[in-house]
Amino acid sequence: MLERYGHGGDLVTAAEMYGLPASGFVDFSSNMNPFGPPDAVRHVMEQRWQDLDQYPDPAVRGLRGKIASRHGITMDNVLCGNGAAEIIDLAIRALRPGASVALAVPGFGEYADAAHKYGGELFTVPLLEEEQFQLSELRVFETVERDKPGLWMLGSPNNPTGQLVNRELVLRLVATGAFVVIDEAFIDFIADEDRLTLVREAATLPNLLVIRSMTKFYSVPGVRLGYAVGSPAVIEAMRRLQTPWSVNSLAQWMGEAVLADEAYAKRTLAWLADERPRLTASLQALGCHVFESVVNYLLVKLPDRCALDASELQKRMGQRGVLVRDASHFAGLNGRFIRVAVKLREQNEQLVAKLQAVLQESGSQSEMERG
């Protein structure tokens, strides 16, 4: 399967499976900003490569300072890490190793992986299709009363559904005394993220941690970079468990540089506001059900007339040079669901055209089999 290692964006596996060079795919299976890295990234690589003969700053002071300034918090509230994946792992290890962990499903698989790795008992709150995958306050507090989980890990916006978790619901969870980790890896793609983020609350509350990624919005997944915001005590507990020099020099310099690129951010938000509804409408015209999303990816249910499941459809799209995510690998979803990123206009049109061809082909084969 394309998600051999649990994620989208695996071009090496795609090349092995479909017989095309890695450069021959249009990749809708990972949710990166389609504009690619900002110019500031190129400038850093051109101007600072000779500085790579020095160790990185072990305390990541320059980048932590810029992140703190951006959010109106202190450097003691910020921990930078080798991508959000390291931060998730550190959160479990430092906060509640072996504790019962509650998750919403479908959701990002690494939450459950980290919980299992450190011996945590897992409880799940289902997100229902008929409720548009919104997190139900009723089911959350039923879980609180019945199972009393010590730790909650929630994506907001959630992956793969693209939905936010209500801020007030999160704060009510915090008030129960459980530790709450909110993964805001994609919140940069929302125009009013400053109103929606919980970073300022996390800086003062002892049992709330916010995780942020810098690789999705700035399109640098090859440079692993994320950060956590929490109380100074929580951040220090995580820092003590972190591998020394976890954040390399290039990641630190690039992080500082991209945070200053306001033009890139404005361009991205303007593109998404126009292209997401356009792609949604095009997919709906093919008979797909597209669930509402606030970010740069869409959860899509295949048309009833489609005889293929998500795995076979993914294969046929891959053979045509277009990669989509088989969303059945997310707990709580079945083989009728795929996830696609929102990309640039020409790429989105290519996705729609190839998908239309596969759907028509599957319909013709189905008719032949019935005949």
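Note that the structure is predicted; figures quoted are calculated from it, not measured. Count residues from 1 along the sequence.
For the pair Thr124 (side chain) and Pro126 (backbone), a donor-acceptor distance under 3.5 Å is absent. At least one donor-acceptor pair closer than 3.5 Å links the side chain of Arg200 to the backbone N or O of Asp194. Side-chain atoms of Gln242 come within 3.5 Å of backbone atoms of Cys80 as a donor-acceptor pair (strictly under, hydrogens ignored). A distance-only check finds a donor-acceptor pair linking the side chain of Lys343 to the backbone of Asp27 [under 3.5 Å]. Checked by atom type and distance alone, the side chain of Arg320 pairs as donor or acceptor with a backbone atom of Arg316 at under 3.5 Å. A side-chain donor-acceptor contact under 3.5 Å links Asn207 to the backbone of Val174. At distances below 3.5 Å, at least one donor-acceptor pair connects side-chain atoms of Gln252 with backbone N or O atoms of Val247. Distance alone, capped at 3.5 Å, places no donor-acceptor pair between the Ser156 side chain and the Glu184 backbone. Looking only at distances, no side-chain donor or acceptor of Asn248 sits under 3.5 Å from a matching main-chain atom of Asn82. Using a distance-only test at 3.5 Å, with no hydrogens or angles considered, no donor-acceptor pair links the side chain of Arg339 to the main chain of Val324.
Other residues, nucleotides and ligands contribute more than 12 heavy atoms inside 6.0 Å of the CD atom of Glu142. Around the CD atom of Gln54, the shell of radius 6.0 Å holds more than 12 heavy atoms that belong to other residues, nucleotides or ligands. More than 12 heavy atoms of other residues, nucleotides or ligands lie within 6.0 Å of CG in Asp192, so this atom counts as buried by the packing criterion. Within 6.0 Å of CD in Glu46 there are more than 12 heavy atoms belonging to other residues, nucleotides or ligands.
Checked by atom type, the side-chain pair Ser311/Asp309 shows no donor-acceptor distance below 3.5 Å. Checking Asp89 against Tyr118 by side-chain atom types alone, a donor-acceptor pair falls below 3.5 Å. One side chain, Glu86 or Ser246, offers a donor N or O that lies under 3.5 Å from an acceptor on the other. If you check the side chains of Arg325 and Asn31, you find no donor sitting under 3.5 Å from an acceptor. When only modelled atom types and interatomic distance are considered, Arg48 and Ser249 share no side-chain donor-acceptor pair under 3.5 Å. Remark: the Asn33 side chain and the Tyr264 side chain contain an N/O donor-acceptor pair separated by less than 3.5 Å.
The minimum heavy-atom distance linking Asp274 with Arg345 is given by the pair OD2-NH2, 3.0 Å. A pairwise comparison of heavy atoms in Val358 and Met317 identifies CG2-SD, 3.8 Å as the closest pair.
Looking at Tyr218 and Leu225, their side chains never come closer than 4.5 Å, going by heavy atoms from C-beta outward. Using a 4.5 Å heavy-atom cutoff, the side chains of Phe28 and Ile338 are not in contact. Side-chain contact check for Val295 versus Asn159: every heavy-atom pair is 4.5 Å or farther apart.
A salt bridge links Glu193 to Arg70: one of the charged nitrogens lies within less than 4.0 Å of a carboxylate oxygen. In summary, Glu129 and Arg336 do not engage in a salt bridge, as defined by a charged side-chain N under 4.0 Å from a carboxylate O.
In this structure, Lys216 is not positioned above the aromatic face of Phe189 in the sense of NZ or CZ being under 6.0 Å from the six-membered ring centre and within 45° of the axis.
Between the CG atom of Leu351 and the CG atom of Leu279 there is a distance of 6.0 Å, given to the nearest 0.5 Å. Taking CG of Leu90 as the reference point, atom CG of Leu79 lies at 6.5 Å (rounded to 0.5 Å). Interatomic distance, Glu110 CD to Lys117 NZ, rounded to the nearest 0.5 Å: 8.0 Å.
Applying the under-4.5 Å side-chain rule to Ile, Leu, Val, Met, Phe, Trp and Tyr, the cluster around Met32 consists of that residue alone. Chaining together hydrophobic side chains whose heavy atoms lie under 4.5 Å apart places Phe25 alongside Leu2, Leu11, Met17, Tyr18, Leu20, Leu323. Clustering of Ile, Leu, Val, Met, Phe, Trp and Tyr by side-chain heavy atoms under 4.5 Å joins Tyr55 with Trp245.
A search for ring-ring contact (aromatic ring centres under 6.0 Å, His included) contacts involving His329 returns nothing, not counting sequence neighbours. Not counting sequence neighbours, Phe179 has no partner by the ring-ring contact (aromatic ring centres under 6.0 Å, His included) test.
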Ignoring hydrogens and angles, write down the donor-acceptor pairs under 3.5 Å from the side chains of residues 230-240, residues two or more places apart or on other chains.
from   : atom 1 : to     : atom 2 : distance (Å)
Ser231 : OG     : Val234 : N      : 3.3
Glu236 : OE1    : Arg239 : NE     : 2.9
Glu236 : OE2    : Arg239 : NE     : 3.4
Glu236 : OE2    : Arg239 : NH2    : 2.6

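Cluster annotation: Leu154 and Val199 are assigned to the same hydrophobic cluster (Ile/Leu/Val/Met/Phe/Trp/Tyr, side-chain heavy-atom contacts under 4.5 Å, transitive).
Taking the six-membered ring wherever Trp is involved, the centroid distance between the rings of Tyr297 and Phe186 falls below 6.0 Å.
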